[in-house]
Number of protein chains: 2
Amino acid sequence: MTDSNPNASLTAPSIPGDALPPVEQHAQQYATVRNAHETELIEDYVELIGDLLAHRGEARAADIANRMAVSQATVSKMIRRLNELELVTSKPYRSLFLTEAGQKMAETSRARHDIVLHFLRALGVRDATARIDAEGMEHHVSDETLAIMQRFTEQQQNN
Amino acid sequence: MTDSNPNASLTAPSIPGDALPPVEQHAQQYATVRNAHETELIEDYVELIGDLLAHRGEARAADIANRMAVSQATVSKMIRRLNELELVTSKPYRSLFLTEAGQKMAETSRARHDIVLHFLRALGVRDATARIDAEGMEHHVSDETLAIMQRFTEQQQNN
DNA sequence: TAATATTGTTAGCCAAGGCTAAACTGTTTG
DNA sequence: CAAACAGTTTAGCCTTGGCTAACAATATTA
């Protein structure tokens with residue numbers, strides 16, 4: 001027990017701007033996050049497949065399973081979903097490829113990811129940490145913030 | 001082996017530092033994100049309950065449902081889980097309260113959230129956007145990055 | 001105080017994203 | 001060329017976090 005003060009300002013630095021937001025806005029925040037979660041994994045898969053194709057020339061289920069630290073069965077199931085969403089094409093027992101929509105998504109995700117990663121490094125975060133944080137953050141950064149991050153990174157580099 | 005890649009450089013800007021990370025590191029990144037996702041929602045609930053208690057004196061299931069834009073049934077089910085995790089105490093049809101562990105989690109989440117939010121504002125992101133982004137980002141920012149964000153915000157303010 | 005409105009709970013459904021075990025395919029090699 | 005191995009898929013299970021509908025408890029008000 002660190003504080004015997006039952007309820008006054010345990011948490012809040014009580015900056016006036018930090019009251020509860022109006023209900024609608026608050027609800028919007030959570031809804032946006034829930035929404036991001038739905039597409040997040042899909043984007044991660046597509047982005048990784050794009051990277052594997054670019055760097056290795058092929059994307060096999062086993063590679064994905066290894067890189068994501070997930071079972072092959074999980075990957076296989078996910079590939080079925082990506083197929084239904086028409087993001088990848090796959091013949092059984094063969095390497096995957098991205099459809100046009102898939103390539104577009106991969107590029108967007110990759111760009112997003114890179115901006116966040118470079119921003120974190122420019123901020124002074126160590127590389128290993130930056131990579132982990134970027135992986136988690138990338139799906140939750142708005143276009144507005146993304147643009148600001150990019151500008152910041154460029155300014156840092158012109159010093 | 002199967003080098004069926006006729007037209008390289010479709011996607012990649014081929015910046016040398018941006019090759020695929022080694023498998024173990026890459027796997028670590030994804031695992032960390034998956035892990036964060038497991039605790040994320042729990043933290044959001046606890047944080048919100050803490051905020052409601054601080055600003056309103058009570059936390060009712062209906063308020064949570066409204067603020068999260070989620071059905072009351074969902075909240076009810078979640079509260080059962082929070083109870084099992086010994087993060088909240090609840091008597092049926094009464095306001096919720098946080099256990100000691102719950103309060104600790106609420107404080108930590110709140111602090112984290114505030115640091116990210118203030119950082120984004122200091123960066124120049126508009127308030128409404130900053131709030132949405134902070135809500136999504138907060139669970140994916142390492143302590144290291146958090147410290148850097150805090151320092152950055154303070155420096156901005158001393159201008 | 002009885003009727004009504006609000007709030008909370010329960011039951012039962014669904015999809016997503018994990019898993020293991022088992023079956024199947026394709027490749028390598030003795 | 002057959003056997004062994006590596007890779008892929010399928011089946012079936014589990015947990016989470018949503019939902020709706022029906023019911024129960026409390027609060028409000030006529």
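The structure displayed is predicted, hence computed values, not measured ones.
Here A/R80 does not reach the OP1 or OP2 of C/dA16: none of its side-chain N or O atoms lies under 4.0 Å away.
A heavy-atom distance below 4.5 Å is not found between the side chains of B/I132 and A/V33. Between A/I42 and A/R81 the shortest side-chain heavy-atom distance falls below 4.5 Å. Using a 4.5 Å heavy-atom cutoff, the side chains of A/E40 and A/H37 are in contact.
We find that CD of A/E43 is positioned 12 Å from P of C/dG17, with the value rounded to whole Å. Rounded to an integer number of Å, the gap from A/M68 CE to C/dC19 P is 12 Å. For A/I64 and C/dG17, the CD1 to C1' distance is 15 Å, given to the nearest whole Å. Atom CG of B/N83 and atom C1' of C/dG8 are 14 Å apart (whole Å). Summarising the geometry, the separation between CG on A/N35 and P on C/dA15 is reported as 18 Å, rounded to the nearest angstrom. Computed from coordinates, the B/K91 NZ to D/dT26 C1' distance equals 15 Å when rounded to whole Å. Put simply, CD on A/E58 is 17 Å from P on D/dA6, counting in whole angstrom units.
The hydrophobic clustering, which links ILVMFWY residues whose side-chain heavy atoms are closer than 4.5 Å, places B/M137 and A/Y30 apart.
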Treating primed atoms plus P, OP1 and OP2 as sugar-phosphate and everything else as base, which nucleotides of nucleotides 15-25 of chain D get B, S or - for protein heavy atoms under 4.0 Å?
-SBBBB---BS

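From B/D63, atom CG reaches atom CG of B/L96 across 9.5 Å, with rounding to the nearest 0.5 Å.
Relative to the axis of its first five pairs, the axis of the last five pairs of the helix from C/dT1-D/dA30 to C/dG30-D/dC1 sits at 0°, rounded to 10 degrees.
With B/R112 contributing its side chain and B/L146 its backbone, the two residues share no donor-acceptor pair below 3.5 Å. Of the possible polar contacts, none joining the B/R131 side chain to the A/Q25 backbone as a donor-acceptor pair under 3.5 Å is found. In this structure a side-chain-to-backbone donor-acceptor pair under 3.5 Å is present from A/T99 to A/L87.
Within a 6.0 Å sphere centred on CD of A/Q156, other residues, nucleotides and ligands contribute more than 12 heavy atoms.
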